[in-house]
Amino acid sequence: MEVRVRFAPSPTGFLHIGGVRTALFNWLFARHEGGKFIVRIEDTDKQRSEKRFEEDVLKNLEWLGLASDEPIVRQSERLDIYERTLKKLFEEKRVYFCFCSTEELEAEYEAQLSQGLVPKYSGKCRALSPAAAAEKLRANPGVVRFKMAEKTVAFTDMIRGKVEFNTGLFGDIIIAKGMREPLYNFASVVDDADMGITHVIRGEEHLSNTPKQMMLQEALGLPTPRYAHLPLILGPDKKKLSKRFLTNSINDYRSQGYLPSALLNFLVLLGWHPTDNREVLTVPEMVEAFSIKRVQKAGAIYNPEKLDWMNSMHIRAMDEKALAEHLASFVPEHWAGDRERLTRAIALVKDRMKNLADFRKEVGFIFELADYKPSMLVWKQATSEKTAERLEHARALLAGDKGSAFPSEGTEAALMQYANEEGRGDVLWPLRVALSGQEASPGPVELLRVLGKRESDTRIGEAIGKLRTEL
RNA sequence: GGCCCUAUCGUCUAGUGGUAGGACAACGCCCUUUCACGGCGUAAACAGGGGUUCAAUUCCCCUUGGGGCUACCA
């Protein structure tokens, strides 16, 4: 039988890190098994669902490469189906209308609690005759309750093994607010069956929903898919992932210059890893090695430092051309247009970038030299005068370069020889600062290579000018 | 409170009935004109208590810690 899984977000907020991980595990499972991954939008809560959130979720899944294999399913477009199913449940007397007010219910729960009892719905409205219910319906919309049988329900979670619940503790749960307003547990069960979902992989917060859904499946004569409940991602404070991270949309990671593959790689390692010790994996490698049975049982803490490291590893693994594409939205247009220089700049800093946004601040000076103080050119105990002389010497050396690739091997050797004679810091430091205008940067020879002969000469000339006017 | 899940370095984790390994982060050294990168190294963990056993981090129980659920949210 074909494996079919789904990712079922409710569009009540931007797509966040936790959602992506759930989507990823579903997607990997589907790909590994050669099955289908389907996105279902759970927008039954009209108050909280917003179209812009749905768009955000879909757009970001696409960016991450986790798009749905089949057309998106929207619960808001399936109200007829839920209504029909609900009618059937009414006919079979598996459900009933309840008209108890929130105040009544609260009072009931308090009373139960004070007697040391487990608070649950008393089942009061079960006794209402269909006629009485119809009468009340005229003034009060009511809610639909499911007659929960009291029994022990057991299932085998693919990650946790056997899990047991006593459904008697739940009471008669509300499954819809009216004939056309289904609630989560009900809509989810109907859709999973309709969509032919074979495996439900979701967050651990749904573990106790599973027995409720199984009871619903039983009442509707629907098959029970296999379940896997993923451990939750915890915040750095070892508590449930805080608002600070949950409200962070994937958009933020995207604009900070994280690569999709790095984000996915980081997330997959939160609760799973391959049998060997590999940590840096391409997406195809993840698919190949993935196994739901190897998923960890305990929650994992979100560690942003490791994400940075992972991103730098993925940046390094990417070739310069592909990186240039990704960089396009992170640099000014005229930089992106100067493809030749952009590629050389990328080669220069690829190994030192943690994210794509770093690129601009790491090598911006290649495109636009910022103003700097002449004193920055002077190495340790050297004088401005001496520094200017050394720069002039170096400049003359470079000007004599006749090779096709600048700087030629001979020029480089001559420069290094001069540096060794004068003191490496005394020559190399001012040269590097003259070329970069920065306290910290890649080395002078690398910079010469990226800037080219003419631009290098201009910059060294400027540096000498700065030193001379200061004297 | 009740139900359920869970427990190895700060973090992600490997692992086995008999020296607890890797990665991130930290620290140190090397490389080096600078900053990174890189290389080498250091520190760092089996939550506690009972069992079972010649022997328990590993198997069992309890406690404790952490988490989830306990909605007319999903």
Side-chain angles (χ1 to χ4, degrees), chain A residues 8-13 42-45 47-49 75 98 100-102 105 109 112-114 116-120 141-145 157 159-161 163-171 173-178 181 183-185 187-188 202-212 229 231-234 236 238-241 266 269-273 275-280 296-310 312-313 316 349-354 358 362 376 379-380 419 423-433 436 438-444:
Chain A
S10 67
T12 54
E42 307 220 324
D43 52 355
T44 51
D45 186 336
Q47 266 75 45
R48 299 197 308 147
S49 297
Q75 293 189 325
C98 171
C100 296
S101 68
T102 314
L105 293 174
Y109 290 169
Q112 286 166 331
L113 231 32
S114 68
L117 296 171
V118 177
K120 66 172 186 184
V143 295
V144 180
R145 283 191 187 270
D157 187 281
I159 295 166
R160 285 153 218 285
V163 182
E164 268 186 7
F165 284 92
N166 177 2
T167 61
L169 264 16
F170 298 140
I173 59 168
I174 298 172
I175 63 165
K177 293 199 264 185
E181 272 190 82
L183 259 18
Y184 168 70
N185 282 122
S188 185
R202 64 208 331 184
E204 194 187 336
E205 73 267 26
H206 288 296
L207 197 53
S208 55
N209 279 325
T210 305
K212 298 176 188 172
H229 290 92
L232 263 17
I233 302 181
L234 276 16
K238 209 162 184 177
K239 298 259 160 61
K240 184 176 146 189
L241 201 54
F266 167 71
L269 253 27
L270 246 34
W272 176 87
H273 68 100
T275 45
D276 49 41
N277 270 335
R278 280 179 305 160
E279 299 223 47
V280 181
Q296 215 73 19
K297 293 190 183 85
I301 293 171
Y302 170 87
N303 173 206
E305 272 115 26
K306 191 142 188 179
L307 206 210
D308 281 343
W309 172 78
M310 187 61 81
S312 70
M313 296 309 277
R316 273 187 220 197
V349 292
K350 214 171 94 163
D351 289 356
R352 44 209 301 161
M353 288 161 65
K354 285 205 183 340
D358 278 353
E362 289 268 9
M376 201 202 280
W379 173 247
K380 288 187 177 170
R424 296 171 79 98
D426 283 315
V427 174
L428 267 17
W429 172 272
L431 183 57
R432 191 186 57 72
V433 173
S436 68
Q438 307 281 318
E439 289 272 5
S441 79

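Computed from a predicted structure; not experimentally measured. Just so it is clear: chains get the letters A, B, ... in the order the sequence lines come, proteins before strands, and each one is counted from 1.
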Between [options], which nucleotide gets closest to the side-chain atoms of [X]?
| X | options | value |
| --- | --- | --- |
| A:K177 | B:rC72, B:rU34, B:rU13 | B:rC72 |
| A:W379 | B:rU34, B:rU13, B:rC4 | B:rU34 |
| A:I301 | B:rG22, B:rC5, B:rC12 | B:rC12 |
| A:R160 | B:rG2, B:rC5, B:rA74 | B:rC5 |
| A:W309 | B:rU33, B:rA23, B:rC72 | B:rA23 |
| A:S10 | B:rC37, B:rA74, B:rU33 | B:rA74 |
| A:E279 | B:rG38, B:rA23, B:rC4 | B:rA23 |
| A:L232 | B:rG67, B:rU13, B:rC69 | B:rG67 |
| A:L207 | B:rC24, B:rC73, B:rC5 | B:rC5 |
| A:P119 | B:rG1, B:rC12, B:rC4 | B:rG1 |

Which base sits across from [N] as a Watson-Crick or G-U pair, both distances under 3.5 Å?
| N | answer |
| --- | --- |
| B:rU52 | none |
| B:rU64 | B:rA7 |
| B:rG41 | B:rC27 |
| B:rC69 | B:rG2 |
| B:rC46 | none |
| B:rU16 | none |

Heavy-atom nearest nucleotide on RNA chain B taken for A:L113 and for A:W272; more 5' hit belongs to A:L113
Which is more 5' along RNA chain B, the nucleotide nearest A:L105 or the one nearest A:D426? Just name the residue.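 Mapping each residue to its closest nucleotide by heavy atoms, the 5'-most match is A:D426.
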Select base, sugar-phosphate, or nothing to describe what [X] touches, counting heavy atoms under 4.0 Å on all strands.
| X | value |
| --- | --- |
| A:F165 | sugar-phosphate |
| A:G443 | base |
| A:L307 | nothing |
| A:D157 | nothing |
| A:P442 | base |
| A:T12 | nothing |
| A:E42 | sugar-phosphate |
| A:E362 | nothing |
| A:E305 | sugar-phosphate |
| A:Q47 | nothing |
| A:H229 | nothing |

Determine the Euclidean distance between corresponding [atom1] atoms of [M] and [N]; express it in Å to zero decimal places.
| N | M | atom1 | value |
| --- | --- | --- | --- |
| B:rU8 | B:rG15 | C1' | 9 Å |
| B:rA47 | B:rC12 | P | 14 Å |
| B:rC24 | B:rC5 | P | 35 Å |
| B:rU53 | B:rA20 | P | 25 Å |
| B:rG50 | B:rG17 | P | 24 Å |
| B:rG18 | B:rC59 | P | 11 Å |
| B:rG21 | B:rU33 | C1' | 40 Å |
| B:rC46 | B:rG41 | C1' | 25 Å |

Nucleotide [N], atom [atom2] - distance to [atom1] of [X] in whole Å:
| X | N | atom1 | atom2 | value |
| --- | --- | --- | --- | --- |
| A:Y302 | B:rC24 | OH | C1' | 14 Å |
| A:L428 | B:rU33 | CG | C1' | 5 Å |
| A:N185 | B:rA71 | CG | C1' | 11 Å |
| A:K212 | B:rG68 | NZ | C1' | 12 Å |
| A:R278 | B:rC12 | CZ | C1' | 17 Å |
| A:N277 | B:rC12 | CG | C1' | 12 Å |
| A:Q296 | B:rA7 | CD | P | 8 Å |
| A:M310 | B:rG22 | CE | C1' | 13 Å |

Check whether any side-chain N or O of A:R432 sits under 3.5 Å from a backbone N or O of A:E439 as a donor-acceptor pair, and report yes or no.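 Present.
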So, the side chain of A:W429 versus the backbone of A:M376: is there a donor-acceptor pair under 3.5 Å, distance only?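 Such a contact is found between A:W429 side chain and A:M376 backbone.
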Working to the nearest 0.5 angstrom, can you tell me the gap between [X] [atom1] and [Y] [atom2]?
| X | Y | atom1 | atom2 | value |
| --- | --- | --- | --- | --- |
| A:E362 | A:Q438 | CD | CD | 9.5 Å |
| A:L183 | A:S188 | CG | OG | 11.5 Å |
| A:E181 | A:I175 | CD | CD1 | 13.5 Å |
| A:K212 | A:T210 | NZ | OG1 | 10.0 Å |

For the residue pair A:K306 and A:F266, would you count it as a cation-pi contact if the rule is NZ or CZ under 6.0 angstrom from the ring centre and within 45 degrees of the ring axis? no
Evaluate whether atom NZ of A:K120 has more than 12 neighbouring non-hydrogen atoms of other residues, nucleotides or ligands under 6.0 angstrom away.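 Check passes, neighbour count above 12.
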Contact under 4.0 Å: A:H273 side-chain N or O vs B:rA23 OP1/OP2: no
For B:rA36 and A:R432 - does any side-chain N or O of the residue sit under 4.0 Å from the phosphate oxygens OP1/OP2?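 No, because none of the side-chain N or O atoms of A:R432 sits under 4.0 Å from OP1 or OP2 of B:rA36.
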Minimum heavy-atom separation for A:P231 and A:R160, please, with both atom names. N-NH2, 3.5 Å
State whether a side-chain donor-acceptor pair under 3.5 Å links A:R202 with A:H229. yes
